[in-house]
Trainee: 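Dropping the structure in here first, questions after.
Values below: every heavy atom of this structure, side chains too, minus hydrogens, waters and symmetry copies. This is a predicted model, so every value here is computed, not measured.
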2 protein chains.
Amino acid sequence: MKYNQVTIKDIARELGISPSTVSRALKDHPDISPETKKAVNELAEKLNYTPNIVALSLRQSKTNTLGVIIPEIVHFFFSTVISGIEDVAYSAGYNVIITQSNESLLREKTDIKALFNSRVDGMLISLSRETSTFEHIDATLAKGVPMVFFDRVYDTPTSSKVVVDDLSGAKEATLHLIEQGCTRIAHLEGPPNLGITKQRLEGYIEALNESNIPVNKDIIMSCPLGTIEEGKSATEALLKMDNRPDAIFATNDPAAMGAMQAIKEAGLKIPQDIAVVGFSNWFFGALLEPPLTSVDQPGFEMGQEAAKLLIRQIEVKSKDNSEPVPETKLLKTRLIIRDSSLKKGKK
Amino acid sequence: MKYNQVTIKDIARELGISPSTVSRALKDHPDISPETKKAVNELAEKLNYTPNIVALSLRQSKTNTLGVIIPEIVHFFFSTVISGIEDVAYSAGYNVIITQSNESLLREKTDIKALFNSRVDGMLISLSRETSTFEHIDATLAKGVPMVFFDRVYDTPTSSKVVVDDLSGAKEATLHLIEQGCTRIAHLEGPPNLGITKQRLEGYIEALNESNIPVNKDIIMSCPLGTIEEGKSATEALLKMDNRPDAIFATNDPAAMGAMQAIKEAGLKIPQDIAVVGFSNWFFGALLEPPLTSVDQPGFEMGQEAAKLLIRQIEVKSKDNSEPVPETKLLKTRLIIRDSSLKKGKK
DNA sequence: GTGAAAGCGCTAACAT
DNA sequence: ATGTTAGCGCTTTCAC
């Protein structure tokens, strides 16, 4: 943008001093006399001078900008992550550029290229659903670009990541159902290639084991596609069973949505006839009052932590030029309970 | 970002030619011999050369970046607008920087400053809920920054804007209810300082007038705060009336959510006992299946149109240096019907 | 305490 | 067909 921008030269000319003096005066350099400083600052104020960040970035080979790649901005969870990132970035003097991969590996690759071209100081990445090869990431890491992964992480020991403690969250949710008197708890499983799917199943199993409830594989249903329809038909199958489950633990939103639809259409009531617990990341978070008990994912906190780690990496690297030690942050979930009446009902 | 970046100089040195020749070869300049071009392009490919956008921006006084200010990214509507903006921007060779005002005037002001400092080529703005003074906008416009407003617009004849045709949308929704056999249609009104509130009421009244249904002020309820509770208590009042409404037109999401809750708690059914139509921008859009008939807001299209207008402005200005003619785009809503069974029921 | 000069990476006159 | 030079706005040695 050219337009009417005031530069350091303009101030220098008007004051009859050199651009370097103006530059120093503006940064409160100790060498500059108080009078000069005063004159410069006043004129800068008057002319509405704002430094040209583009020139600054070129000069310092540092853009003070973080690049972010998320699968989709429309997901409530990811938009809260963004707010967390911005919160930390802004107060540390960094700007943020957000790109969406739209769950596509191809887009993820071009996003990384675009961010690299923009010379961002580092990248915060949550992998697309399609990403199962990592050359594009490795190549960019090899160029020395600091990266921190969040939520859908690249599982390599050399980079930092921030993830939700899915195992504990799933365990807590399952224990809650057990505490409410449920004993036949079905599990709706997510896409098998995602790490979270495994974690959530494990938490579920741990809870059952600790409570001496046998794990019944017949009521662990696979929902690999992540669609509502899938969750619905899985639930319909569950409801048709002779000894139907008294609770459903849906490990992702579409599965939970589908489960609720199926239950409603069967004329049953939640949670009286069958309790439902869901993980909330896309849909439910957007509703001020999720319709069922849910495991809340700390998106804002995740954004904050990821940004903190990245900024630390960037600043360590620019100082010492040493490789930063990768860190992993595990964030706790929070159970939002809406079926606490169930306990009494069951007894 | 410094790190291992390859520059034009590196290519020039390695090939024993000058940087300008390399630059020209890369842009397929007609003066350069085919052999040189080939050599340069091959080496560039091999070294993984990517142009430094920061240097380019400084050189051309053009960043090829659009700045966007939205009230909140978590709103489904605004996140679809962003996707629309990106769609058009990327294919025209522009990057996009998104900022959130969080519905705060102060944040809006600092966002504008930050975007100006980043020397974006133009700005796309949807005003915060707090914005009722416009000096910050005027000052930036005066500096020659192209601006296009969308959804929550600055109503001045000198700048371009893209808005939803709320009047027609509201009218269509109300006519739909009338067509379904409803005659006592309540209206839940939004915050009075927003233009959309007036538009939606007007559309509602037009529909009633055209259908020879008298406008009954007793069932036009004000919901100035935009909270769910408010919509709920307004609806509770409506349901208590002797001759209670057979339909509710909720002009915003929280009001619609509140209405639905109140109806459910009163043991009534939607749409059999009482039909509900809502405007969908925040919540419902996030659900793949909104629970009621709703007026869909074309967010993606709005983003596209706004970006198109802005880019045209930028490019006209940089060529002719003439002031662009402001344009206003009115976008049609779309009625998503889920209560079509009602008609028969009523007859 | 201040100025002159160089350079970040790139491009576009202006040479040759 | 290619090289030289200057400059976008800013900072930072190195002079004085």
Trainee: OP1 or OP2 of C:dG3 sitting under 4.0 Å from any side-chain N/O of A:Thr21?
Mentor: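 Checking C:dG3 against A:Thr21, a side-chain N or O does come within under 4.0 Å of OP1 or OP2.
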
Trainee: Between C:dC8, C:dA12, D:dC10, which nucleotide gets closest to the side-chain atoms of A:Ala55?
Mentor: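 For A:Ala55, the side-chain atoms sit closest to D:dC10.
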
Trainee: According to the interplanar angle, ranging from 0 to 90°, do the rings of B:Phe134 and B:Tyr154 count as parallel (below 30°), tilted (30 to 60°) or perpendicular (above 60°)?
Mentor: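 Parallel, since the angle between the ring planes stays under 30°.
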
Trainee: Locate the shortest heavy-atom distance separating A:Lys37 from A:Pro30; write the atom from each residue and the value.
Mentor: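 Residues A:Lys37 and A:Pro30, closest heavy atoms: NZ-CA, 4.3 Å.
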
Trainee: So, is A:Lys9 near the phosphate of D:dC8, with a side-chain N or O under 4.0 Å from OP1 or OP2?
Mentor: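 So the side-chain polar atoms of A:Lys9 do come within 4.0 Å of the phosphate oxygens OP1 or OP2 of D:dC8, strictly under.
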
Trainee: Could you list the residues that satisfy ring-ring contact (aromatic ring centres under 6.0 Å, His included) with B:Tyr94, not counting sequence neighbours?
Mentor: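 By the ring-ring contact (aromatic ring centres under 6.0 Å, His included) rule, B:Tyr94 matches no residue at all.
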
Trainee: Please determine, by modelled atom types, if B:Lys46 and B:Asn48 share a side-chain donor-acceptor pair under 3.5 angstrom.
Mentor: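 Short answer, no.
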
Trainee: Looking across every strand, which nucleic acid part, if any, lies under 4.0 Å from A:Ile8 by heavy atom: base, sugar-phosphate, or nothing?
Mentor: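 Answer is sugar-phosphate: A:Ile8 comes under 4.0 Å of backbone atoms only.
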
Trainee: Applying ring-ring contact (aromatic ring centres under 6.0 Å, His included), can you list everything that pairs with A:Tyr90, at least two apart in sequence or on another chain?
Mentor: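 Applying ring-ring contact (aromatic ring centres under 6.0 Å, His included) to A:Tyr90 gives none.
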
Trainee: Using only side-chain N and O atoms of B:Thr7, determine if any of them is under 4.0 Å from OP1 or OP2 of C:dC8.
Mentor: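 It does not, given that no N or O in the side chain of B:Thr7 lies less than 4.0 Å from OP1 or OP2 of C:dC8.
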
Trainee: Can a donor-acceptor pair under 3.5 Å be found between the side-chain atoms of B:Arg24 and the base atoms of D:dG3?
Mentor: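 Between D:dG3 and B:Arg24, which were checked side chain against base, a qualifying N/O pair under 3.5 Å is present.
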
Trainee: With nearest nucleotides of DNA chain D determined for B:Pro34 and B:Leu58 from heavy-atom distances, which residue corresponds to the more 5′ nucleotide?
Mentor: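 This one resolves to B:Pro34.
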
Trainee: Give the nucleotide from the list D:dC14, C:dC8, C:dC10 with an atom nearest to the side chain of A:Ser61.
Mentor: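 Nearest nucleotide to the side chain: C:dC8.
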
Trainee: Enumerate the residues from residues 37-45 of chain A whose closest heavy atom to DNA chain C is under 4.0 Å, giving them by residue number; use none for an empty result.
Mentor: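 Of all residues in residues 37-45 of chain A, none places a heavy atom under 4.0 Å from DNA chain C.
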
Trainee: Can you see if the side chain of A:Tyr49 gets near the phosphate of D:dG9 - specifically, an N or O under 4.0 Å from OP1 or OP2?
Mentor: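 No, A:Tyr49 has no side-chain N/O under 4.0 Å of OP1/OP2 on D:dG9.
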
Trainee: Would you please name every residue forming a salt bridge (charged side-chain N to carboxylate O under 4.0 Å, His left out) with B:Glu86, sequence neighbours left out?
Mentor: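 Salt bridge (charged side-chain N to carboxylate O under 4.0 Å, His left out) check on B:Glu86 returns nothing, list empty.
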
Trainee: Check the distance between D:dG9's C1' and A:Lys27's NZ and give it to me in whole angstrom.
Mentor: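 In whole Å, D:dG9 C1' and A:Lys27 NZ are 13 Å from each other.
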
Trainee: Please identify each residue that fulfils side-chain hydrogen bond (donor to acceptor under 3.5 Å, both in side chains) with B:Ser160, with sequence neighbours left out.
Mentor: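 B:Gln313.
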
Trainee: Closest approach to the side chain of A:Ser23, judged atom by atom: which nucleotide of D:dA1, C:dT2, D:dT12 is it?
Mentor: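 The closest nucleotide is D:dT12.
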
Trainee: Just to be sure I understand the geometry, which residues of residues 13-20 of chain B put a non-hydrogen atom under 4.0 Å away from DNA chain D?
Mentor: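 B:Gly16, B:Ile17, B:Ser18, B:Ser20, in order of number.
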
